[in-house]
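Along the sequence shown, residues carry numbers from 1.
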Amino acid sequence: MFPLIILTIEDETSRDFLLRFYVNSVTRMYLEAVKYVSDKEAAEDVVSEAVVKLVEKADLLQQLDADKRLPYAITTVRHMAYRHLRQENRLKLTSFEALEELLPSEDGEATDDKILKEQRKARLRELLAAIPTEDRLLLEEKYVLLWSDEEIAKTLDILPNSVRMRLTRAKRRVADALSAQGFRLNDWV
């Protein structure tokens with residue numbers, strides 16, 4: 001059965017796109033939800049909340065490359081699960097594994113360059129997995145999911161004016177951690 005929110009979309013092209021996307025990705029979205037919430041009903045709630053967010057971002061979702069749509073949806077599910085757990089005061093760590101699919105592929109490079117880049121990516125993934133969960137979620141919501149400050153504020157239960165300061169602090173902590181690990185920030189900007 002399709003979520004009613006998708007069926008209420010007036011633009012037929014967007015509605016058809018989201019219906020197809022939902023059919024193709026709902027199982028994977030549900031599997032992601034059950035990683036974080038314990039019961040079936042909670043997982044269904046998380047997926048439903050994620051679908052609402054995806055409908056709100058339908059234009060962005062349609063503009064994304066086809067191979068980036070599912071990771072976007074999975075990340076949205078993870079954030080909705082985080083929101084659900086936060087409401088229950090049960091926060092679990094999340095991973096960047098789903099975001100790994102968003103990394104661009106490097107074709108036509110020399111083997112040594114590929115090996116060095118893969119080593120840097122592995123170190124970067126380790127570093128990002130070690131940063132505080134709230135910083136990681138905040139950065140994902142802003143720069144991966146492209147949520148507005150107001151949407152982020154709702155997730156974190158803070159004022160929208162506080163989002164920019166938290167983002168600045170989170171970026172500073174990540175930059176400091178990158179520098180401490182020997183990354184030159186100019187290589188990543």
Is there a side-chain contact (heavy atoms from CB on, under 4.5 Å) between Ile74 and Arg78? Walk through the geometry before answering. CA-CA 6 Å; Ile74 298 305; Arg78 230 186 355 202; 5.6 Å; no
For the residue pair Lys154 and Trp147, would you count it as a cation-pi contact if the rule is NZ or CZ under 6.0 angstrom from the ring centre and within 45 degrees of the ring axis? no
Check Asp149 against Lys142 and note the closest heavy-atom contact, atom names and distance. OD1-NZ, 2.8 Å
Scan residues 158-169 for pairs that pass side-chain hydrogen bond (donor to acceptor under 3.5 Å, both in side chains), counting only residues two or more places apart or in two chains. Glu134-Arg166
Given side chains that start at C-beta, do those of Glu32 and Lys35 come closer than 4.5 Å, heavy atoms only? yes
Rounded distance (nearest 0.5 Å) linking atom CE of Met29 with atom CZ of Phe21: 6.5 Å
Please list all pairs passing the salt bridge (charged side-chain N to carboxylate O under 4.0 Å, His left out) test where one or both residues lie in residues 3-27, with sequence neighbours left out. none
Give the C-alpha distance, both sets of side-chain angles, the deciding distance and a yes or no for side-chain contact (heavy atoms from CB on, under 4.5 Å) between Lys40 and Tyr30. CA-CA 9 Å; Lys40 180 182 175 183; Tyr30 183 77; 3.2 Å; yes
Under 4.5 Å between side-chain heavy atoms, counting indirect links through other Ile/Leu/Val/Met/Phe/Trp/Tyr residues: same cluster for Ile5 and Tyr22 or not? yes
With a 4.5 Å heavy-atom cut-off, do Arg69 and Phe17 have their side chains touching? yes
Side chains of residues 41-52: which donor-acceptor pairs under 3.5 Å do they make with residues two or more places apart or in other chains?
unit_1: Ser48; atom_1: OG; unit_2: Glu44; atom_2: O; d: 3.0

Is there a side-chain contact between His79 and Thr76 (heavy atoms, below 4.5 Å)? no
Give every residue pair that meets the ring-ring contact (aromatic ring centres under 6.0 Å, His included) criterion with at least one member in residues 157-181, sequence neighbours excluded. none
With sequence neighbours excluded, what pairs up with Asp157 under the side-chain contact (heavy atoms from CB on, under 4.5 Å) test? Arg86
Listed by chain and number, what are the side-chain hydrogen bond (donor to acceptor under 3.5 Å, both in side chains) partners of Lys171, not counting sequence neighbours? Tyr143
Look up atom CG in Leu167 and atom CG in Leu138, then write down how far apart they are to the nearest 0.5 Å. 4.0 Å
If you measure from OG1 on Thr75 to CG on Leu70, what distance do you get to the nearest 0.5 Å? 9.0 Å
Got a list of side-chain donor-acceptor pairs under 3.5 Å for residues 54-62, not counting sequence neighbours?
unit_1: Lys57; atom_1: NZ; unit_2: Leu146; atom_2: O; d: 3.1
unit_1: Lys57; atom_1: NZ; unit_2: Glu151; atom_2: OE1; d: 3.4
unit_1: Gln62; atom_1: NE2; unit_2: Ser14; atom_2: OG; d: 3.1

Can you name the residues that form a side-chain contact (heavy atoms from CB on, under 4.5 Å) with Pro160, not counting sequence neighbours? Glu150, Ala153
